[in-house]
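Okay, structure first, notes after.
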Amino acid sequence: MKKTKNNNLGDRILIGLVFLFLYAPILILIIFSFNSGTSSSVWTGFSLHWYRELLNNRLILTSVYTTLMVSLLATIIATIAGTFAAIGFYSMRRKSRDALMAVNNIPMMNADIVTGVSLCLLFVAFFRGWGSIAGWINSIQSWFVLPNRLSLGFGTMLIAHVCFNIPYVILAVGPKLRQMDRNLIDAAQDLGCTWMQAFWKVVIPEIKPGVVSGALTAFTMSVDDFIISYFTAGSRTSTLAMTIYGMTKKRVSPQINAVSTLLFTTVLILLIIINIRESSMQKRAEKGTIRTKEPSRTARILRRVGAGALALALLVTLIVTGRAANARPEVNICSWGEYIDEELITQFEEETGIAVNYQTVESNEALYSLIEMGGADFDVIVPSDYMIARLIEEDMLAELNFDNIPNYKLIDDQYKNLSYDPENKYSVPYTWGTLGIIYNTTMVDEEITSWSAMFDPKYAGQVLMINNSRDALASALLYLGYDINTTDEAELRDAFRVLKDAKNAGVYQAFVMDQVFQKMEGGNAAIAMYYAGDYLTMLDNNEDLAFVVPDEGSNWFVDAMCVLKTSPHKAEAEAWINFIASTESNLANMDYIWYASPNAEALADYPRYYQDLYDEELDEEIYEIMAPGEDVLERCEIYENLPTKTLQLYNDLWNELGVSERSDSPPTGLIIVAVLLLLAILCAVFLRFNKRRRSQNNRKRVNR
Amino acid sequence: MSKELIRLHDLCMAFDDELVLDHINLCINDSEFLTLLGPSGCGKTTTLRIIGGFTTPTSGDVTFDGVRINDVPPHKRQINTVFQKYALFPHLDVFENIAFGLRIAKVPAREIEERVMEMLEVVSLKGFERRRVDQLSGGQQQRVAIARALVNRPKVLLLDEPLGALDLRLRKDMQIELKRIQQQMGITFIYVTHDQEEALTMSDTVVVMDKGRIQQVGSPEDIYNEPQNAFVADFIGESNILNGTMVRDGVVRMYRKEFPCVDGGFAPNEPVDVVIRPEDIDIVPVDQGQLAGTVTNVTFKGMQYDIIVDLGGFKWLVQTTDHSPVGSQVGVKIDPDGFHIMKKSEYSGMFGDYSSYSEEYEELADVSALEEEESGDEE
C-alpha cells in the first residue's frame, strides 16, 4: 500500500517536471508582463503599466480588431460552408467520400508556410490578370465600375482563413453526421417538413455539438495563425501575431508580454470551453440524464433575441467600419518596429482625415524583397541610406514634389544631398544615428576606445557581435583602417579574417540583433556593438552601460522617408512626410525612440523639450550620444550602396563565417541536453505508467 | 369490398442500370393491412419508399385516390412512415417527438396536447411523455414511432420492418398490438417484412416479391395453400417441391407412380412442380405407404419432429408427432388434397430438396458450436 503511494508521488513529481518544462516560458512571459520596468530580464516591480500602455497602442488595438474581425468572419463563413460541405460528403457514395476526405485532410497536414506562399502566389497571379478583366467588364457595361487594381489585404486574408478553417469544420461535423440515423431526414419530411425545415429542425440540432466545436476550433486556429496571414494580408492589414512579430524588430517592448499574455489567456479559455463542452456532452450521453424541463418559452425567445441582436451588432459594426474605411483617403506606411511615437499617427489622422495603415518590417533586406515581390502595397517607406540608393538605382522610388513638403526646409542641410540621393529628389530624412560599442563598466576595467575590443581574446565569451554582415564587416574594416565602403576584395578578405579568427578564438558569445537588449541589460555579456538610440533604451534598465564611437571611426546612418513609384496615394504620402518632418513631430519622435532628428530646430530644442516634459534636466552626456557633435561625425562615414559583385562577396564571406540567421539561438549543446532531458523524463513517466498498468492487470487476473 | 386507395401502375425502378423494380402493378384498398413480403433485395422497401415519396420511380405511375402523385414530395402526402430503426429525434423528448408533425402543421397548442395524449394512450405509453427517447426500451421506442406517425391521422401508414430490431417475445406482442391499432384507427397499413410468419399473422393481403417482381398476391391462406410457383411455396412455410407430370386432371405422376390429387386444368402430360407440405405427409409402416424411404435425420422441435426421409435420392421433410429412429425404413402417405400442383416457372428445381435442408441444420449446429467455443475462450 505504502509502495503505491510512493509511486504516485514519484509520478506526480515527474509530471510536474514535464509541465514545468512545457509551461515555464509562458509563466516567465506572464510574470514579466507585470514588470514595471522596460526590461524583459530585470524585475523592477509589479505594475499594470504595460497593459495600460497596450490600451493606448493604436497599432496593437487595430491589429486586435483586425484579428478578431478576420477570425470571426472566417469562422462564420467556414462554419456554414464546412457544415454544408460535410453534409454533401455525407450523402456521397463511400468511395468518393473517402477520396474527398483525404483531400480535405491534406491542408491540415500541409505546412502553413506552403499554404501561405501558394495562396499568396495565387492571389498575386489573379491580380495580375484582373486589370484586363476589369477593364473589359467596365468597357462593356456602365452599371457598376470595377476597380482596376486589386491588392492583398483584408479580403485576401479572409479568404485564406476561410480556406484553412473549412477542413477543421468538416472534420468536426462529419462524425456527428455519420452518427446520425440516415432516416431522420426522411422521417422529418414524412412528418410534413420540407427539406430545409428538416435540415433546421432535425439535422442542425443533431450535429450542433459538432458544428460548435468545429467553429471554436476554427476560431482558435484563426486567432493563432501567423504564417498564412503574413503571406496573404498584404501591406495594409496586419493581425495581432504579425504586429507582435514586427514589434520585436527593434526593441522587445514589454507590451509584447502583456499582449501575449492576453492572447494566451484567450486561447486557453477557448480551449477550456471546448473541452468542458465535450466532456459534459459525453457524460450526458453516458448517463442519459433526464431533462426535467424544456427551457421556458420566454427563455427561448430571449435567447433568440439575444443571438439576433449580437448578429445585428456584428453586421452593423462591419458595415460601419467598412464604410468608414472605404470613404476615407488613406496612406500605407511601412517602417521599423517601435520606430514612431504612435500619438503622431492619431494626431495626423485627426488633422487631415487621412486614415493611416501603419506596418512594420524587420530589415532593409526584407523590405526590399516585399516590394520586389509585388505583394506589398506601401506608399511611404523608411529605408536606410544604402537601401535608398539601391531602390533609386532600380527605379522603384517616385520623385517627391517638395512644394507639398514645406517642412523639408526645416531639415538641416547636413542631411540633404547625401551620397545615396545626391540631388535629393527622392527622400526626406527621418532619423540619423551612429553605430558604436556598448559595454558594461562593471565587467570591463578599461575604457574602450577602439574596435579592437570586438576582436580581443581577452574578452572571450563576453562579446556580442551584431548579426548583420554589413555592420559586422564594417567593424573589422574600421579596425584595420580600411574604408567601410571598400570594394577591394583583398581588404574585405582581410576584414573577414579578423572576424573569423576572433570567432575561432571564442570571443563571441553570440551573434545577435534584438537579444542584445536582454543580454546587455541583464549583464549577461560585457561588450556589444549596436546603435546609439538603442543604447539609450538599455541605459534605462542598466545604468552601468557605456557607449562609445571608437576612435577609428564608425558608420553613421540616415533613415529617410521615400514614396514608392507604384503608390496610388502620392498626395497623402507627401502630406504624411510633411507632417513627420515638422519640428513638433520630430521632438515627439526623438523623445520616444531616442534616435536623433535631422530637423535642426528640433535637435537643438530637445533638451528644453525634455526638461518641460519630465521636469528634470537632460543629461549632457546622453544628448551627446544621441546627437553626436561634429567631432564625432567627422570620424564616421555613411554606407553606400555596393556593386552587385561586392554584395555577393559580402554574402559569401558571411556564409563562410558560418553565422546562420538564427545563430543567436542557444548553443547546440544546450539544446541537445535539454531535448535529452525531456526525453528521459518522458521515458520515465511512460515506464512508470506502463508498470503500474501491468501490475493492475496482474491484480485483476489474480482476482479472477 | 372497400374502395381502391393506392394503385401502382407499371412501376419500374433502376439504380445504376440495375433493375430493382420490374413492372410492378398493385392495387391497395382502403383500410387494408397489406404486407410486402420477400427476401432482402427483392424491392419491397423500394416500393414502400416510392409510396412514401422518398424515391421517384424510373417509370410508371403511383396514384393516390385516383390522383397521380409521382412528383408530390413526402411532406405533402397523406402518408406517414414508421422507419426501420424508428428514426426518433434524439434531441426531443417523447412528447415533442410525437407532436413534431403537428407543430410543423401549425396545429393549435391545445389540440396538440390533446392529440398527443390520446396517441400515448393508444400505444400504452401514458406517463412517458417527458422521457428522453434514448431512455426507452426498443419496444417503447417502436411505439413512440408508431404514435408519431399516427398522430397526423394519415390515410396510410407505411411500416418498414418495424419489428426487426425487437426480440422474439416482444415481436409477437407487437404483432398483435399493431393489428389492434390498425383495426382501431381503421386506416391502411402497408407493412414490409421478410418474416413470413409476421406476414401471415397480421395481413389481410400478402404480396410476395422476389427480384423486383410480384410473385403472388393473395390472402394469407391463399398464399400458403395455393402457392403459385416454387419460390412462393418455398418462401412461405416449408415445402417439398418435386418434378412431376400431370397425367390428366386429378392424377399426377412422380417416382414413376400415379397419385390422386385434386388439382386440374393442365394440358395432358404437362411437366409440373408438385408441392407437398411437410405436415401433409403421414409416416406409416412400409407396406401401408405410397412410397418407401430411409430416415436420415430427426430433429425434435417441441411440437413435432422434423424428419428427413430419403425417397429415391430426394430428401423429403416430414413434420410429424411420432418419432422414427434414424436409419429406419418408413412408408409415406399423402392425401389427395396434400398435393399442390404448380406450373413450371423460372424457380423450378431451385427449391424444395431437403438434402440441402439437412445440411442447413448442420451448418446451424456448426455456427452455434463455434459461438460456444468463442464464448468459452473469453471466460
Distance col, row B:K85:NZ vs A:L184:CG, nearest 0.5 angstrom, shows 11.5 Å

Heavy atoms of A:L191 and B:A149 approach each other most closely as CD2-CA, 4.5 Å

Given a strict heavy-atom distance threshold of 4.5 Å, which part of B:N80 is in contact with chain A: side chain, backbone, both, or neither? both

Where B:F100 and A:C193 come nearest, the two heavy atoms and their spacing: CE2-SG, 3.4 Å

With a 4.5 angstrom heavy-atom cut-off, is it the side chain or the backbone of B:L102 that approaches chain A, or both, or neither? neither

Which value, rounded to the nearest 0.5 Å, describes the distance between B:I104 atom CD1 and A:Q189 atom CD? 11.0 Å

Should we say atom NZ of B:K179 is surrounded by more than 12 heavy atoms from elsewhere, each under 6.0 Å from it? yes

B:L88, part contacting chain A, at a heavy-atom distance under 4.5 Å: backbone

Quick one: do A:D181 and B:F83 satisfy side chain to side chain contact (heavy atoms under 4.5 Å, CB included)? Show the steps, please. CA-CA 10 Å; A:D181 184 350; B:F83 290 90; over 6 Å; no

Counting only heavy atoms not in A:W195, do more than 12 sit closer than 6.0 Å to its CH2 atom? yes

Name the member of B:R77, B:R49, B:H75, B:R148 that forms the most heavy-atom pairs with chain A at distances under 4.5 Å. B:H75

Segment of A:A198 engaging chain B (4.5 angstrom heavy-atom cut-off): neither

Chain A heavy atoms under 4.5 Å from B:F54: which part of the residue, side chain, backbone, both or neither? side chain

Can you tell me if CD on B:E18 sees more than 12 non-hydrogen neighbours from other groups inside 6.0 Å? no

Drop me the distance from B:L158's CG to A:D190's CG, to the nearest 0.5 angstrom. 7.0 Å

Do you know which two heavy atoms are closest between B:H91 and A:K201, and how far apart they sit? NE2-O, 3.0 Å

